[in-house]
Amino acid sequence: MAPSPIFNLSAQDADKILSEIRSSGYIREVASDVPPEESGLWDVVHFVPDSFSPSAKLENQEAIIDHAVETLEKQEWDSTAIVVADERTAKDGSLLIYNVDSTQPKGKRLVGKLRAVPRSVIEVVCNLQVSNMDLKEYANCIKEGDVFDAGS
Amino acid sequence: MVSLRLLSLSAFVLAAASAASAATVTFDCSKVPNICSNDCYALKCAGKPSTLHRNSAAATDNRNHNACKSPNRCSGNPDDSNSCDEYPYASTSEGGAGAVTRCVPAHENSVQGGTLSSFYTRSNVQQGDAYNVAFTGTSGLQYCGGSCSNSGNEVQRRGMLFNKRQQVTLHAERRFKLENGAEILMFEPIAKRGAFNSLVGQTVHLNDVDVKVVEAL
């Protein structure tokens, strides 16, 4: 599977965020017989190089989605799911996930969005990539607040 | 007539070879019992194919054409049935309209998606590639053994009778032993009886590891 992009709009510590994402117990649950880094889930998401650069003009939702669909897809990224580390990430650690339909015309590609704790990002993204579950199903699992957390 | 028979034979041999040489994903039903029940119902009782072809490009469209379309009928259900599972999977050419669906626990469905995603990556299943579906730990599961009597939890969208995806394949249950001692259940098309025999000696994907098939039971 091609990786889904993470846009680091606030130039936060990418290694730290990626480490939190990969600390997911979900990987161990799905791939219980191999080390997590050898599972097919370890590289489900990757940071887009230099995506925090102001020159990239990725300051709004539509620009991010268009960039992923029109530029990254040609470079073998998967734009079905897009992850964004934004200003709120700096405050509460949660990441924003967009579900995108790249077959739709510009401006109509966003299917839905959801905030998730880093350790639940791989779970959500890999399910979006194979269209096994949608964001509404994950949102329905949130008991309190607006951030999806499947637990450790 | 002879030519037709030869063509039929060639088609059978090719189909059998395709199924046998394809990678096999094995779902551990101790982790996802409701998913396995739905898949078994689809295969055994609704005649859905046991060899699928990856088609990620059609995945979103496929899910939008069956009872799992968002927001779906499982939304708002209790935790034991709040997510919509489908077989054949949305990320295959066989998915979409006519897929068999069931409301399952969201966490189970989520684990299944991860298993499929991991399998595509680890087994290098590319767009258009064929793969087989197998199950382990099916003992006592509804539809994986015994009756096909629908207790009401299985739903298949009607009105698409002439769609090629609605073709029914009759299956025979086949069981194989793995080198780790586990037993897997597969559904072999009756029209291609013996097609899975050559799986012996090959590996199947189970819990992210390739495990060798050692014996047909």
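A, B, ... follow the sequence lines: proteins, then strands. Residue 1 opens every chain.
For the residue pair B/His205 / B/Asp208, a side-chain donor-acceptor distance below 3.5 Å is found, with atom types taken as modelled.
The distance from the CG atom of A/Asn99 to the OG1 atom of B/Thr60 is 7.0 Å, given to the nearest 0.5 Å.
Within residues 106-139 of chain A, the residues that have a heavy atom under 4.5 Å from a heavy atom of chain B are A/Glu123, A/Cys126, A/Asn127, A/Gln129, A/Val130, A/Ser131, A/Asn132, A/Met133, A/Asp134, A/Lys136, A/Glu137, A/Tyr138, listed by number. Using a 4.5 Å heavy-atom cut-off against chain A, the contacting residues of residues 72-84 of chain B are B/Asn72, B/Ser75, B/Gly76, B/Asp79, B/Asn82, B/Ser83, B/Cys84. When the heavy atoms of residues 20-46 of chain A are compared with those of chain B, the residues falling under 4.5 Å are A/Tyr26, A/Glu29, A/Val30, A/Ala31, A/Ser32, A/Asp33, A/Val34, A/Glu38, A/Ser39, A/Gly40, A/Leu41, listed by number.
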Between B/Glu173 and B/Lys44, does the side-chain contact (heavy atoms from CB on, under 4.5 Å) criterion hold? Intermediate values first, please. CA-CA 8 Å; B/Glu173 291 180 26; B/Lys44 181 180 167 182; 3.3 Å; yes

Evaluate the side-chain hydrogen bond (donor to acceptor under 3.5 Å, both in side chains) criterion for residues B/Asn34 and B/Ser37: first the C-alpha distance (whole Å), next the side-chain angles of each, then the deciding distance (0.1 Å), finally the verdict. CA-CA 5 Å; B/Asn34 290 278; B/Ser37 289; 5.7 Å; no

Please assess B/Leu217 against B/Glu215 for the test side-chain contact (heavy atoms from CB on, under 4.5 Å), listing each intermediate value before the final yes or no. CA-CA 6 Å; B/Leu217 301 173; B/Glu215 185 183 0; 3.9 Å; yes

B/Tyr131 vs B/Phe119, test: ring-ring contact (aromatic ring centres under 6.0 Å, His included). Steps then yes/no. CA-CA 10 Å; B/Tyr131 67 89; B/Phe119 165 67; 5.2 Å; yes

What do the steps show when you test B/Gln112 against B/Val104 for side-chain contact (heavy atoms from CB on, under 4.5 Å), and what is the final call? CA-CA 11 Å; B/Gln112 185 216 15; B/Val104 301; over 6 Å; no

Let's go through B/Leu141 and B/Phe135 carefully: what are the C-alpha distance in whole Å and the side-chain angles of both, what is the deciding distance for side-chain contact (heavy atoms from CB on, under 4.5 Å) to 0.1 Å, and is it a yes or a no? CA-CA 11 Å; B/Leu141 284 184; B/Phe135 310 93; over 6 Å; no

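Residue B/Cys144 forms a disulfide (SG to SG under 2.5 Å) with just one option from B/Cys40, B/Cys36, B/Cys29, and that option is B/Cys40.
The shortest non-hydrogen separation linking B/Ala130 to B/Thr51 is CB-CG2, 4.1 Å. The minimum heavy-atom distance linking B/Leu199 with B/Met186 is given by the pair CD1-SD, 3.4 Å. Of all heavy-atom pairs spanning A/Ile82 and A/Ser79, the tightest one is CG1-O, 3.9 Å.
Contact of B/Glu86 with chain A is made through the side chain alone, with heavy-atom distances under 4.5 Å.
Under the salt bridge (Lys or Arg N to Asp or Glu O under 4.0 Å) criterion, the residue pairs touching residues 87-104 of chain A are A/Arg88-A/Asp92, A/Arg88-A/Asp146, with sequence neighbours excluded.
Taking the centre and axis of the six-membered ring of B/Tyr41, the NZ or CZ atom of B/Arg102 falls outside the cone set by 45° and 6.0 Å.
Between chain A and the residues B/Ala59, B/Ser123, B/Ala90, B/Gly114, the most heavy-atom pairs under 4.5 angstrom are made by B/Gly114. Chain A forms the most heavy-atom pairs under 4.5 Å with one residue out of B/Thr115, B/Asn109, B/Val209, B/Leu206, and that residue is B/Asn109. No other option in B/Arg54, B/Arg122, B/Lys31, B/Arg63 has as many heavy-atom pairs under 4.5 Å with chain A as B/Arg63.
Residues B/Phe187 and B/Arg174 form no side-chain contact, since every pair of their non-hydrogen atoms from C-beta on lies 4.5 Å or further apart.
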